[in-house]
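Here is the structure we will look at.
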Amino acid sequence: MSLLREAALIAGKDLRIEARARVVGQQVVPFGLIVLLLFAFALDPDRGVLTRVAPGLFWVTVLLASLLGVSRSFALEADNRARDALRMSGLDGSSIFLGKAGALAVELLAFEALLTLGVVVLFDVRLASLPPLILATAAATVGLAAAGTLYGVLAAGIRARETLVPVLLLPVVAPVLLGATRAWEASIDGVPGDAWPWVGLLVIFATLFVGIGMLAFGPLLEES
Amino acid sequence: MIDGRSALRSDRLMAPVARRVVGGLSVVALVALVVVGLFVAPPDAFQGDAQRLMYLHVPAAWLAYLAFGVTAVCSALYLWGRTRSLVWDRIAGASAELGVVFTGLTLLLGSLWGRPIWGVWWAWDARLVTTAVLFFLYLGYLALRRIPAALDVRAKRCGVAALIAFVDVPIVHFSVTWWRTLHQEATVFNPDLDVQIEGTMALALWLGVLSFTLLYVYLLDLRYRLEVLDEDRDERDLEAAIAERAQGGVPSAGTVGVGS
Amino acid sequence: MSLVVRLRSAVCLLGRFPALAGVDLDVAAGETVLLSGGNGAGKTTLLRLLAGLIPLERGEGTVLGVDLGVDRRSHRRRIGLVGPETGCYDDLTVRENLEFASRVAGVGAGAVDEAMAAFDLGRLADVRHGRLSTGQRRRLALAAALARRPDLFLLDEPHAGLDAPARSHLDRVLRETAADGRAVLIASHELDLVRPVADREVVLVNGQAAGVRADGSPPEAPETPTTPETPETPETPESPGAST
């Protein structure tokens, strides 16, 4: 079986479970929207502050949601000792990584789509130039999903994983927050030229972490 | 040791005599630094005496980067199959601890220095932000090291985490620099305030780098030794536990489980 | 006769606890071996060691021709492990779980139907794993292992929670497996149920293979060690249905 077919098998499994359990739909999306509301409480909605800082708030929310996604992705494998079954399957570590990261990326993209709607409606944001915005979002999401999956498996066998993953993951994905926020700002301001360098940075980050993940996931799964 | 892993063991990095010599030299260099830095070198034309913090700040920053570099190299040596040895893992861990201490010191000294010069404790300067992210990256690494696990499991986990952190640092630095230069015309580093390096000032700086580096080597060896002693104790406990279990008792030592 | 399992002075740790403290064990192809011993004797750990899930700390171990000290992955596809839990996903149905397990193992869909038939899972095919009873989960786990068509079965308390029809299904599967020349290791407290299908019995005491009883002749008085039960330690997983 080829790498990609194995990955598709794993991703399909994760997404099917997610579609059934509806944790993303019923918990993570409401979580994201309530965070947007809270931001409005914390910052004055009348003076246009929210519109100006919307990209940053958006990506901070995505970062927090990605922590939930990572936790959920590996909780699946902890129930009924599914992780042991996955190890016994003989699948290649890199294909499991690609599958799980891919599923997480799809979930995050769905979440981001709904959150974008929330930002547009609640914060009065106008998306001026879409191509760099979409590409930046895609690259940032792949990077987040890859880094998150990598740290998810790193902490999978550790009892304190729910607190450990944020401490490890958030500093690492700081450039994603920075890059995606700047790219969004530029796209909203209608100066796509300023966005492209950030898109490049996000693509580099994503490529790097997909590479590291493919190499390291298998050995780390063995130690979980 | 009795077990088959003895080949991997190397009980100390340097002979006790060598460590004492390095320790002594670092004390001498530190004393010299105090003398030159506080009394011989003249006060800075613009910054006055506050500039003397540089003699600690710059060496601390240098050492932080050296320590994290050592952690990265040793982690890579551990992860690469052919050079796999717990020696590398121990050095990586010890060096990261020192790196975090010196990064913290760098930030603290920078903040103390910045207050009289810039008028604020913290400035969103690219170097500062990168250093802060670096601090948290390796703080996470140390948290990971403290999770109880079999030595090779811990070494593998931490090795990957250290390499990720190392790869991430340039990206963080690059993005932060870009961010600050794109969005802010003048940075807090006013060219007028740039330190003019005078002869004795350079000497003080070099003494700082020298003494801190010696101190690093000394502490690294000490920390390594401590780690070996820890492992030896665990090993003896394990031998006792195996013997006890085989004879039908319930081993009491270290039955606290790890992982899930 | 070729050896499927060969262990010499095998030591295994769970955390810092030596769950196996020097086990010697040989299992030949086509053999069915009963692994008995009290709670905390190391049965589950032994099965996990053979499956390659935990490292061999000391000693020698070869399973299906693979040296566990060097490689504990490449033989896994040829093993059917049934542990205390099913390894399945709560939100997938019985059929989906079996299909996923067989597809990742690279086995055709035909094996899924066979395995479902063998453990009478047809009526449960569209029930989600989360809604299954303990006994039904056990049947699913056994079916999933069977669907992989392994060369070595490692069964941890396979009878726990099974009703009478399911037990006879299991017996039939075990006999067929042995007839195929595949090896089976059964860790169990249900000695009366397993002894009839086992070729011999290995008794684990305190993490060591203490007594070996040859050739399934049921002894008059059970010689299972009368050592006081070792208290459960958190890192010694026992099957939920295990009772002594």
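Protein chains get the first letters and strands the later ones, always in sequence-line order, with residue 1 at the start of each.
Annotation: residues 11-30 of chain A contacts chain C through A:Lys13, A:Arg16, A:Ile17, A:Arg20, A:Ala21 [non-hydrogen atoms, separation under 4.5 Å]. Of all residues in residues 65-75 of chain C, those placing a non-hydrogen atom less than 4.5 angstrom from a non-hydrogen atom of chain A are C:Arg72, C:Arg73.
Shown are C:Leu49, C:Leu50, C:Leu20; of these, the side chain to side chain contact (heavy atoms under 4.5 Å, CB included) with C:Leu56 is made only by C:Leu49. When each of C:His129, C:Arg137, C:Arg138 is checked for a side-chain hydrogen bond (donor to acceptor under 3.5 Å, both in side chains) with C:Thr86, only C:His129 meets the rule. When each of C:Leu3, C:Ile79, C:Leu154 is tested with C:Val63 by the rule side chain to side chain contact (heavy atoms under 4.5 Å, CB included), just one qualifies, namely C:Ile79.
A donor atom on one side chain and an acceptor atom on the other are found under 3.5 Å apart for A:Trp184 and A:Thr137. A donor and an acceptor atom, one from each side chain of A:Ser71 and A:Glu162, are located under 3.5 Å apart. With no hydrogens or angles considered, a side-chain donor-acceptor pair links A:Glu112 and A:Thr141 at under 3.5 Å.
Using a 4.0 Å cut-off between charged side-chain N and carboxylate O, C:Arg76 and A:Asp84 make no salt bridge. With respect to C:Arg149 and C:Glu114, a salt bridge is recorded, a charged nitrogen being found less than 4.0 Å from a carboxylate O.
Between the C:Glu31 side chain and the C:Ala28 main chain, a donor and an acceptor come within less than 3.5 Å of each other.
Remark: A:Lys100 fails to qualify as a cation-pi partner of A:Phe217 under the 6.0 Å distance and 45° angle criteria applied to the six-membered ring.
Neither the backbone nor the side chain of C:Arg78 comes within contact range of chain A; no heavy atoms are under 4.5 Å apart.
The greatest number of non-hydrogen atom pairs below 4.5 Å with chain C, out of A:Ser89, A:Ala85, A:Gly90, is found for A:Ser89.
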